[in-house]
Amino acid sequence: MPVITRFAPSPTGFLHIGGARTALFCWLFAKHHNGKFLMRIEDTDRARSTPESIETILDGMTWLGLDWDNKDYEGVGYYSQFAQRKRHAEVARQMVANGTAYYCYASTAELDAMRAEQKEKGLPQRYDGRWRDRPASDAPQGVPPVIRLKAPQTGETTIHDSVMGTITVQHSQLDDMVLLRADGTPTYMHAVVVDDYDMGITHVIRGEDHMTNTFRQVQIYKAMGWDIPTFAHLPMILGPDGAKLSKRHGAPAVSDYRDRGYLPEAVRNYLLRLCWSHGDDEIISPQQAIEWFDLGGIGKSPARFDFTKLGSVNAHYIKQTPDVELAKLTAPFIARFLERPLTAVQTDILTRAMPDLKPRAQTLVEIAEMAMFYFHEGVFTLDDKAKKILTPEAKQSLIDLTARLETLSDFTSESVESLFRAYAEEKALKLGAVAQPLRVALSGSTVSPPIFAVAGLLGKDETLRRIRAL
RNA sequence: GUCCCCUUCGUCUAGAGGCCUAGGACAUUACCCUUUCACGGUAGUAACACGGGUUCGAAUCCCGUAGGGGACGCCA
């Protein structure tokens, strides 16, 4: 049987980084087995679902390179849960007919009171089954009922989770959950099961927060006589402090990572290593990931998100990315700082500077910040450190040097360097004594890429202009 | 409160009863390289939550304790 997995986000916000990890694992598992990976939007909550959110989520998936196999579905490009509502209702009614579900006329206020009382008494908060065995003749007039599952009350259910192992829950822990709301729309619990069945999902891979739900959902499969898929519940991703990953930690949305200059392949590699391992391997190419990925490699314990490590993985992928492409990816960040797009000449400088830029950065934003001085016009504002470099002697050396630079016919990184080296030797100076002042002159800072390379890139005119502007 | 899951360096993890003097990566410290900052290289600090068992032998199996996470909606 071919493997079919799915990612089923609810379109009520952005694509969460934890969701992205789930999607990645589903995708990898399907790819590994030559199966299919499907996208389903869980939009049954009409009040909270928005088209913008769907777009954001799909964008995030595309950015990460996680393509789904039902892009042509019904012309919308994904399976919509809401569109299946008639089918959900039909199944619920079928369950009433076969005695595995029933109508419940309890009002919301009534149920709130019930839960409040249970809580006060320290009892487990569960629906007490007040309509479970009442005859249809008891139904009040004009009250639209919900349909509830008639859950088994004795015995137990065992599931064999591919990550968590064999887990058994007593049926006494289950309650009669709502399947179909009074307005005829399905609840999540019901819709997932029906959709997973209809879509032929063989492996339900999802977050651990769905673990206990699984035992309730299994009752629906049983009630309908459907085959139960394989479940794999992934441990949570926690924030650096061990609490739930949230806005407080800075970056819960996939788009945050794009905006901060992380490469999608780096984010994927980092995410892959959260709760999953393949021996001591850390840097794993997309091809290797597909080849190696298996459910057995997933750990059971939750992982904390570590931005520092993500940074180092990102640095690795930055170094691997070809200069032309990296320049293309960095240009928008620079353009944002400059408040105008880069000219062809500037793009060319950026590309040629890339070999010296990329080993120094962890993100595209850092590259952009570091590259800004190349495009600087006018006079630099120097900090104290830089000012300290420009002693009267240093300035004098620079003036001496401008005269010599002037005569250079072949103005390159190499020729400038040998000229500086010769000068330093002549004056019995360390190279740093002339290189540092040049660095300040050309970059406006005490820290920059190798300064002779900078001079070569800037060219003779601009180099002399910057020295004279001091 | 009830139920479920988890627990190896600061973090991600390797580990399937003897290969463990517990390995790797990130971070961190020192040194080397060096025109600055990085990159790179070398070396170091650093962990089996605790308590009981089982066994000739436990990070690994069992029980308990503590801590963490999750679920308990006409949200998904």
Side-chain angles (χ1 to χ4, degrees), chain A residues 8-12 42-45 47-49 81 104 106-108 111-112 115 118-127 144-148 161 163-165 167-170 172-175 177-183 185-189 191-192 207-216 233 235-236 238 240 242-244 270 273-283 299-313 315 319 356-361 370 385 389 417 420-421 424 430-436 438-440 443 445-452:
Chain A
S10 63
T12 54
E42 309 228 317
D43 49 0
T44 51
D45 185 341
R48 295 202 299 152
S49 298
Q81 190 156 68
C104 167
S107 70
T108 312
L111 295 174
D112 285 347
R115 276 186 215 101
Q118 287 169 338
K119 192 168 186 179
E120 196 181 321
K121 288 183 179 169
L123 294 168
Q125 290 172 52
R126 288 196 278 266
Y127 174 72
V146 300
I147 293 179
R148 282 184 184 272
D161 190 278
V163 173
M164 296 300 168
I167 304 165
T168 299
V169 163
Q170 300 301 315
S172 56
Q173 299 301 320
L174 269 29
D175 71 351
M177 63 183 174
V178 172
L179 267 20
L180 206 66
R181 298 186 184 105
D183 66 2
T185 60
T187 60
Y188 159 77
M189 287 294 177
V192 238
E208 196 190 348
D209 46 338
H210 293 277
M211 185 72 238
T212 52
N213 289 334
T214 307
F215 294 91
R216 321 169 111 214
H233 288 93
M236 302 272 106
L238 274 20
K244 204 168 173 177
Y270 178 73
R273 287 288 291 101
L274 248 31
C275 303
W276 181 85
S277 63
H278 182 269
D280 283 338
D281 295 303
E282 297 284 349
I283 297 295
K300 292 183 181 188
S301 46
R304 296 185 187 204
F305 200 95
D306 183 1
F307 289 93
T308 312
K309 183 149 184 179
L310 203 216
S312 102
V313 174
K319 273 176 245 160
D356 287 331
L357 252 20
K358 62 181 179 182
R360 292 175 165 70
M370 216 180 307
K385 260 189 186 167
I389 297 286
E417 176 164 355
F420 268 68
R421 282 189 187 277
K430 284 189 182 171
L431 186 57
V434 283
Q436 277 302 85
L438 179 67
R439 188 182 313 283
V440 171
S443 75
S445 158
T446 53
V447 176
S448 82
I451 202 59
F452 303 120

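All values below were derived from every heavy atom in this structure, side-chain atoms included, with hydrogens, water molecules and symmetry-related copies excluded.
- Nucleotides B/rC3 and B/rA59 place their C1' atoms 29 Å apart, quoted to the nearest Å.
- The separation of B/rC5 from B/rC61, taken at their P atoms, amounts to 15 Å, rounded to a whole angstrom.
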Applying side chain to side chain contact (heavy atoms under 4.5 Å, CB included) to A/F305 and A/L310, what does each step give before you reach the verdict? CA-CA 9 Å; A/F305 200 95; A/L310 203 216; 4.3 Å; yes
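- Spacing of C1' atoms, B/rU29 relative to B/rU45, comes out at 7 Å, to the nearest Å.
- Note: A/Q173 CD to A/R126 CZ = 4.5 Å, rounded to the nearest 0.5 Å.
- Residues A/L123 and A/S312 each lie close to RNA chain B; by heavy-atom proximity, the contact nearer the 5' end of the strand is made by A/L123.
- Checked against salt bridge (Lys or Arg N to Asp or Glu O under 4.0 Å), A/E42 has the following partners two or more places apart in sequence or in another chain: A/R40.
- A distance-only check finds a donor-acceptor pair linking the side chain of A/T214 to the backbone of A/H210 [under 3.5 Å].
- Scored by the salt bridge (Lys or Arg N to Asp or Glu O under 4.0 Å) test, A/D175 finds A/R216 as partners (sequence neighbours excluded).
- Going from the P atom of B/rA38 to that of B/rC31 covers 14 Å, rounded to whole Å.
- B/rU11 is paired with B/rA25 under the criterion used here, namely a Watson-Crick or G-U wobble arrangement in which both key atom distances are under 3.5 Å.
- For A/K300, a side-chain nitrogen or oxygen approaches OP1 or OP2 of B/rC6 to under 4.0 Å.
- Not counting sequence neighbours, A/R304 has no partner by the salt bridge (Lys or Arg N to Asp or Glu O under 4.0 Å) test.
- Inspection of the A/S443 and A/R439 side chains reveals no N or O donor paired with an N or O acceptor under 3.5 Å.
- Pairing for B/rC39 is absent, judged as Watson-Crick or G-U wobble with the two contacts each under 3.5 Å.
- The partner of B/rG64 is B/rC50, by the rule that a Watson-Crick or G-U pair needs both atom distances under 3.5 Å.
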Q. After noting the C-alpha distance and the side-chain angles of A/Q436 and A/K430, does the key distance pass the side chain to side chain contact (heavy atoms under 4.5 Å, CB included) rule?
A. CA-CA 10 Å; A/Q436 277 302 85; A/K430 284 189 182 171; over 6 Å; no
Distances under 3.5 Å only, N/O to N/O: pair up the protein atoms with those of nucleotides 71-75 of chain B.
unit_1: B/rA71; atom_1: O4'; unit_2: A/T212; atom_2: OG1; d: 3.2
unit_1: B/rA71; atom_1: O2'; unit_2: A/T212; atom_2: OG1; d: 2.6
unit_1: B/rC72; atom_1: O2'; unit_2: A/Q125; atom_2: O; d: 2.5
unit_1: B/rG73; atom_1: OP2; unit_2: A/R115; atom_2: NE; d: 3.2
unit_1: B/rC74; atom_1: OP1; unit_2: A/R115; atom_2: NH2; d: 3.0
unit_1: B/rC74; atom_1: O3'; unit_2: A/R181; atom_2: NE; d: 3.1
unit_1: B/rC74; atom_1: O2; unit_2: A/A182; atom_2: N; d: 3.3
unit_1: B/rC74; atom_1: N4; unit_2: A/A106; atom_2: O; d: 3.2
unit_1: B/rC75; atom_1: OP2; unit_2: A/R181; atom_2: NE; d: 2.1
unit_1: B/rC75; atom_1: OP2; unit_2: A/R181; atom_2: NH2; d: 3.1
unit_1: B/rC75; atom_1: O5'; unit_2: A/R181; atom_2: NH2; d: 3.3
unit_1: B/rC75; atom_1: O3'; unit_2: A/R181; atom_2: NH2; d: 3.1
unit_1: B/rC75; atom_1: O2'; unit_2: A/D45; atom_2: OD2; d: 2.9
unit_1: B/rC75; atom_1: O2'; unit_2: A/R48; atom_2: NH2; d: 2.9
unit_1: B/rC75; atom_1: O2; unit_2: A/R48; atom_2: NH2; d: 3.3

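- Across every strand in view, B/rA16 sits unpaired, with no contact that passes the Watson-Crick or G-U test at under 3.5 angstrom.
- Here the P atom of nucleotide B/rG70 and the NE2 atom of A/H233 are 15 Å apart, to the nearest Å.
- Listed for the A/Y270 side chain is a donor-acceptor partner under 3.5 Å among the backbone atoms of A/D306.
- Using N1 to N3 plus N6-O4 or O6-N4 for Watson-Crick, or N1-O2 and O6-N3 for G-U wobble, each under 3.5 Å, B/rU2 pairs with B/rA71.
- Remark: B/rU55 base-pairs with no nucleotide; criterion is Watson-Crick or G-U wobble with both hydrogen-bond distances under 3.5 Å.
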Could I get a table of every N or O pair under 3.5 Å where one atom is in the protein and the other is in nucleotides 9-16 of chain B?
unit_1: B/rC12; atom_1: OP1; unit_2: A/R304; atom_2: N; d: 2.9
unit_1: B/rC12; atom_1: O2'; unit_2: A/R273; atom_2: O; d: 2.8
unit_1: B/rC12; atom_1: O2; unit_2: A/K309; atom_2: NZ; d: 3.4
unit_1: B/rU13; atom_1: OP1; unit_2: A/C275; atom_2: N; d: 2.3
unit_1: B/rU13; atom_1: O3'; unit_2: A/S277; atom_2: OG; d: 3.1
unit_1: B/rA14; atom_1: OP1; unit_2: A/S277; atom_2: OG; d: 2.6

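- Distance noted for atom C1' between B/rG44 and B/rA27: 14 Å (whole Å).
- Taking atom CG of A/L238 as the reference point, atom P of B/rG70 lies 7 Å away to the nearest angstrom.
- Formation of a donor-acceptor pair under 3.5 Å by the A/T187 side chain with backbone atoms of A/V178 is found in this model.
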task = Go through A/K244 and A/M236 one step at a time and tell me if the side chain to side chain contact (heavy atoms under 4.5 Å, CB included) criterion holds.
result = CA-CA 8 Å; A/K244 204 168 173 177; A/M236 302 272 106; over 6 Å; no
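- Comparing the P positions of B/rA30 and B/rC48 gives a spacing of 26 Å, expressed to the nearest Å.
- At distances below 3.5 Å, at least one donor-acceptor pair connects side-chain atoms of A/D161 with backbone N or O atoms of A/H233.
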B/S/- along nucleotides 28-45 of chain B (protein heavy atoms under 4.0 Å) is -------BBBBSS-----
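- A gap of 26 Å separates the P atoms of B/rG51 and B/rG15, to the nearest Å.
- Between the CD1 atom of A/I167 and the C1' atom of B/rC4 there is a distance of 7 Å, given to the nearest Å.
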A/I167 vs A/F215, side chain to side chain contact (heavy atoms under 4.5 Å, CB included): CA-CA, chis, key distance, verdict | CA-CA 10 Å; A/I167 304 165; A/F215 294 91; 3.7 Å; yes
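- Distance check on atom C1': B/rA47 versus B/rA25 gives 15 Å, rounded to whole Å.
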